[in-house]
J.: 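Take this structure first; my questions come after.
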Number of protein chains: 2
Amino acid sequence: MSGTASERLAAGRSAATGGARTAAAQTAPDPDRPASPTTPAAATALGRAGTRRRADKRESILPTAFMVFAREGYAQATLDVIAAEAQVAKHTIYNHFGDKQALLRAVLAAEADKALAKNLAAVDGLRDLDGDIRGALEDVGYRLVSCFCDERSWALRRLLYAEISQFPDLLDIIQGRAANPVTEALADRLARLALAGRLRTADPAAAAEQLAALLTGSLEARGRFGTRVIPDDEKRAVARAAVDTFLHAFGPPTPAGATTS
Amino acid sequence: MSGTASERLAAGRSAATGGARTAAAQTAPDPDRPASPTTPAAATALGRAGTRRRADKRESILPTAFMVFAREGYAQATLDVIAAEAQVAKHTIYNHFGDKQALLRAVLAAEADKALAKNLAAVDGLRDLDGDIRGALEDVGYRLVSCFCDERSWALRRLLYAEISQFPDLLDIIQGRAANPVTEALADRLARLALAGRLRTADPAAAAEQLAALLTGSLEARGRFGTRVIPDDEKRAVARAAVDTFLHAFGPPTPAGATTS
DNA sequence: ATAATTTTGCACTGACCAGTGCACTATAAC
DNA sequence: GTTATAGTGCACTGGTCAGTGCAAAATTAT
């Protein structure tokens with residue numbers, strides 16, 4: 001009933017953030033939340049002084065905390081280490097987030113937002129209703145696979161999996177912010193393609209669910225839960241095989257889709 | 001190259017073990033390790049007395065420790081609690097396993113063994129080379145889905161996911177004992193079916209990988225990582241949809257497989 | 001400058017817990 | 001019985017860590 005589909009897809013990022021202890025506080029200007037960088041308008045809302053610094057510190061803490069949580073695990077990660085690597089006083093973290101749990105929630109929410117953007121960008125590759133469907137699907141599939149295999153994506157899933165029994169609401173944070181929207185977007189694209197006669201399915205949500213399953217199903221084992229880097233051609237091979245099977249089931253009715261391999 | 005296929009399948013159990021504190025020491029005679037129950041031969045090797053008691057205690061500790069680890073998480077679980085619930089002195093645990101990490105490894109290994117048995121039994125439903133393929137696949141698929149959705153199976157994956165970055169060798173313990181054998185067994189069955197002309201595939205391992213992906217791909221989201229119980233008919237629907245797609249891609253060449261829905 | 005706010009450094013509490021030591025008991029082989 | 005092995009109960013050490021208190025900066029608006 002409810003679109004319980006390929007939530008496994010979401011969560012991905014390009015893993016460009018390299019060094020840990022050296023470039024911890026660099027905080028690349030990622031398109032996180034617009035915040036209130038230099039606009040004098042937001043200054044009236046909350047606090048008259050230190051507004052700018054406050055946002056800076058927050059944006060400095062979140063990615064560092066995510067890295068530490070991912071590296072050490074939530075339970076083992078200490079706020080002293082996070083504070084040190086973020087070059088921030090421990091008190092500042094408490095001022096911003098209250099306690100460790102709240103910090104985890106904020107970190108996962110921010111990371112899920114980033115992942116969602118990447119995934120939606122990938123799915124958007126299916127906007128073209130006319131071109132080569134197989135090629136477009138393979139391309140989108142490869143991009144989704146890459147999102148899934150991103151280092152930060154693995155870390156996000158690990159943290160979720162690890163703490164889900166302690167904090168069940170984490171699931172809603174991540175699924176609501178990242179997984180479900182991706183699935184729905186994919187189903188939307190497939191529906192348009194079906195309506196244009198390029199695909200054959202009466203249930204786009206189910207088709208999206210199965211496409212996502214085919215794409216990501218083998219990645220956990222292949223990537224050894226994030227401890228092994230999957231080479232690029234292997235990702236492409238997975239995407240191609242997934243799309244091949246997908247098109248056998250949902251491909252266009254008239255022409256044959258079994259030209260490859 | 002190496003058969004990195006549907007390891008996600010493995011790990012399942014019927015969850016028949018019910019009460020924790022009441023029937024903790026019951027220790028059903030699961031085919032864990034042969035040990036040396038009453039054989040006088042092994043008595044000469046290590047210790048002359050208490051051999052029987054020792055095995056009893058060990059079999060009492062393992063399932064209780066698994067339950068506590070699953071409930072509280074590895075880091076939060078304390079050996080005092082495990083000892084109390086297993087009705088055993090804390091010292092006894094240290095005598096048997098050395099330290100907390102070793103206990104975790106032993107627990108996961110034992111649980112993976114149980115899961116493997118269940119999964120192999122399910123895959124064995126594909127031994128019949130003559131009957132209704134679709135029906136057989138749907139039945140096996142349903143049983144594999146049930147293994148995957150078992151409470152203990154969720155817990156096993158959660159523990160693995162949570163601690164994989166701290167103890168990477170856990171992956172080998174579980175994949176080697178449970179996931180890989182299941183994948184290979186499934187590939188074996190598919191190969192026999194292909195050779196008998198009932199399926200069409202040149203790469204049974206790839207086919208098994210995709211079948212497993214189709215079966216389990218949507219279960220993480222549907223089961224909310226183990227926090228929601230998937231009703232039986234939903235499991236059957238997932239299996240039917242997976243097999244339907246699978247047969248479109250790998251079904252017999254001559255007859256049409258699109259009779260359902 | 002002045003005042004409001006935020007950040008910092010440091011010390012401290014309180015709790016939790018892995019692992020150990022020891023004296024004692026229970027079981028089983030002889 | 002004796003003896004060796006295994007298990008028990010309890011107290012204890014040593015270490016870690018979330019969260020707090022406080023007083024001194026630093027920053028920004030007015």
Side-chain angles (χ1 to χ4, degrees), chain A residues 25 35-61 64-65 68-69 72-105 163 166-167, chain B residues 24-25 27 35-61 64-65 68-69 72-105 163 166-167:
Chain A
S36 51
T38 339
T39 58
T44 60
L46 218 178
R48 294 190 276 271
T51 317
R52 182 61 222 277
R53 291 181 53 74
R54 196 172 162 81
D56 278 357
K57 294 297 176 185
R58 186 189 175 90
E59 302 310 304
S60 162
I61 293 170
T64 308
V68 177
F69 281 149
E72 326 245 3
Y74 171 72
Q76 282 68 38
T78 70
L79 285 193
D80 295 88
V81 170
I82 296 175
E85 294 199 12
Q87 289 172 321
V88 147
K90 187 163 64 160
H91 253 347
T92 307
I93 300 181
Y94 281 99
N95 284 342
H96 275 277
F97 302 99
D99 62 358
K100 200 182 176 187
Q101 282 190 31
L103 175 61
L104 176 68
R105 278 178 243 272
E163 305 303 328
Q166 315 300 318
F167 318 122
Chain B
T27 318
S36 52
T38 340
T39 57
T44 58
L46 217 179
R48 294 190 275 271
T51 316
R52 185 59 222 277
R53 288 181 53 74
R54 194 173 163 80
D56 280 357
K57 292 297 175 184
R58 186 188 173 90
E59 302 310 304
S60 163
I61 292 169
T64 308
V68 177
F69 281 149
E72 325 246 3
Y74 171 71
Q76 283 68 37
T78 71
L79 285 192
D80 295 86
V81 170
I82 295 175
E85 294 198 15
Q87 290 172 322
V88 147
K90 187 162 63 159
H91 252 346
T92 306
I93 300 181
Y94 281 100
N95 284 340
H96 275 277
F97 301 99
D99 62 358
K100 200 183 177 187
Q101 282 192 29
L103 175 61
L104 176 68
R105 276 178 244 272
E163 306 302 328
Q166 314 301 317
F167 319 123

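Numbered from 1 within each chain, the chains take letters A, B, ... in sequence-line order. Values reported hereafter were calculated over all heavy atoms of this structure, with side chains retained and with hydrogens, waters and symmetry mates removed.
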J.: Would you indicate what A:A83 reaches in the nucleic acid, counting non-hydrogen atoms under 4.0 angstrom: base, sugar-phosphate, or nothing?
T.: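 Nothing, no nucleic acid heavy atom in range.
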
J.: Roughly how many Å is it from CD1 in A:I93 to P in D:dC17, rounded to a whole number?
T.: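 That distance rounds to 14 Å.
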
J.: Ignoring the backbone of B:H96, work out which of C:dT8, D:dG7, D:dT8 is nearest its side chain.
T.: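 The listed nucleotide nearest to B:H96's side chain is D:dG7.
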
J.: Whole angstroms only, please: what is the NZ-C1' distance between A:K100 and C:dA15?
T.: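 Taking NZ of A:K100 and C1' of C:dA15, I get 14 Å after rounding.
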
J.: On the nucleotide D:dT16, are OP1 or OP2 found under 4.0 Å from the side-chain N or O atoms that A:T78 carries?
T.: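 Checking A:T78 against D:dT16: no side-chain N or O falls below 4.0 Å of OP1 or OP2.
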
J.: Rounding to a whole Å, what distance do you find between A:E72:CD and D:dA18:P?
T.: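 To the nearest whole Å, that distance equals 11 Å.
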
J.: Considering every strand and a 4.0 Å limit on heavy-atom distances, what is the contact class for B:A75: base, sugar-phosphate, or nothing?
T.: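 No contact.
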
J.: Just how far, in rounded Å, is C1' of D:dA18 from CG of A:D80?
T.: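 So the two atoms are 9 Å apart, to the nearest Å.
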
J.: Going 5' to 3' through nucleotides 20-25 of chain C, assign each nucleotide B (protein heavy atom under 4.0 Å from a base atom), S (under 4.0 Å only from sugar-phosphate atoms) or - (no protein heavy atom that close).
T.: BBB---

J.: Hey, are the side chains of A:V68 and A:T78 touching, using non-hydrogen atoms and a 4.5 Å cut-off?
T.: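 Side chain of A:V68 against side chain of A:T78, heavy atoms only: no contact under 4.5 Å found.
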
J.: List in chain and number order the residues that pass side chain to side chain donor-acceptor pair (under 3.5 Å) with B:Q166, two or more places apart in sequence or in another chain; answer none if no residue qualifies.
T.: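 For B:Q166 there are no side chain to side chain donor-acceptor pair (under 3.5 Å) partners, ignoring immediate neighbours.
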
J.: How many Å lie between CG on A:N95 and C1' on C:dG9, as a whole number?
T.: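 Taking CG of A:N95 and C1' of C:dG9, I get 14 Å after rounding.
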
J.: Without decimals, in angstroms, what is the distance between A:L79 CG and C:dT8 P?
T.: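 So the two atoms are 14 Å apart, to the nearest Å.
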
J.: Quick one: B:I82 CD1 to C:dG19 P, roughly how many Å, whole number?
T.: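 About 11 Å, once rounded to whole Å.
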
J.: Enumerate the salt bridge (charged side-chain N to carboxylate O under 4.0 Å, His left out) contacts for residues 86-96 of chain B, please, sequence neighbours excluded, ordered by first and then second residue.
T.: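 Checked against salt bridge (charged side-chain N to carboxylate O under 4.0 Å, His left out) - neighbours excluded - the pairs reaching residues 86-96 of chain B are B:D80-B:K90.
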
J.: Could you check whether any side-chain heavy atom of B:I82 comes within less than 4.5 Å of a side-chain heavy atom of B:F69, counting everything from C-beta outward?
T.: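 A side-chain contact exists here, since the closest heavy-atom pair is under 4.5 Å.
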
J.: Would one find a side-chain N or O of A:K57 under 4.0 angstrom from OP1 or OP2 of C:dT8?
T.: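 A:K57 to C:dT8 OP1/OP2: side-chain N or O found under 4.0 Å.
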
J.: Testing the basics here: between A:A86 and A:S60, what is the closest heavy-atom pair and its distance to 0.1 Å?
T.: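 The answer is O-OG, 3.4 Å.
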
J.: Under 6.0 Å from the ring centre and within 45 degrees of the ring axis: does the NZ or CZ of A:K100 meet both conditions for the six-membered ring of A:Y74?
T.: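 A:K100 over A:Y74 ring: yes.
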
J.: Side chains of A:F97 and A:L104: does their closest heavy-atom pair fall under 4.5 Å?
T.: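 They are not in side-chain contact.
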
J.: A:F97 has an atom CZ; how far is it from atom P of D:dA18, in whole Å?
T.: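 The distance from CZ of A:F97 to P of D:dA18 comes to 15 Å, rounded to the nearest Å.
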
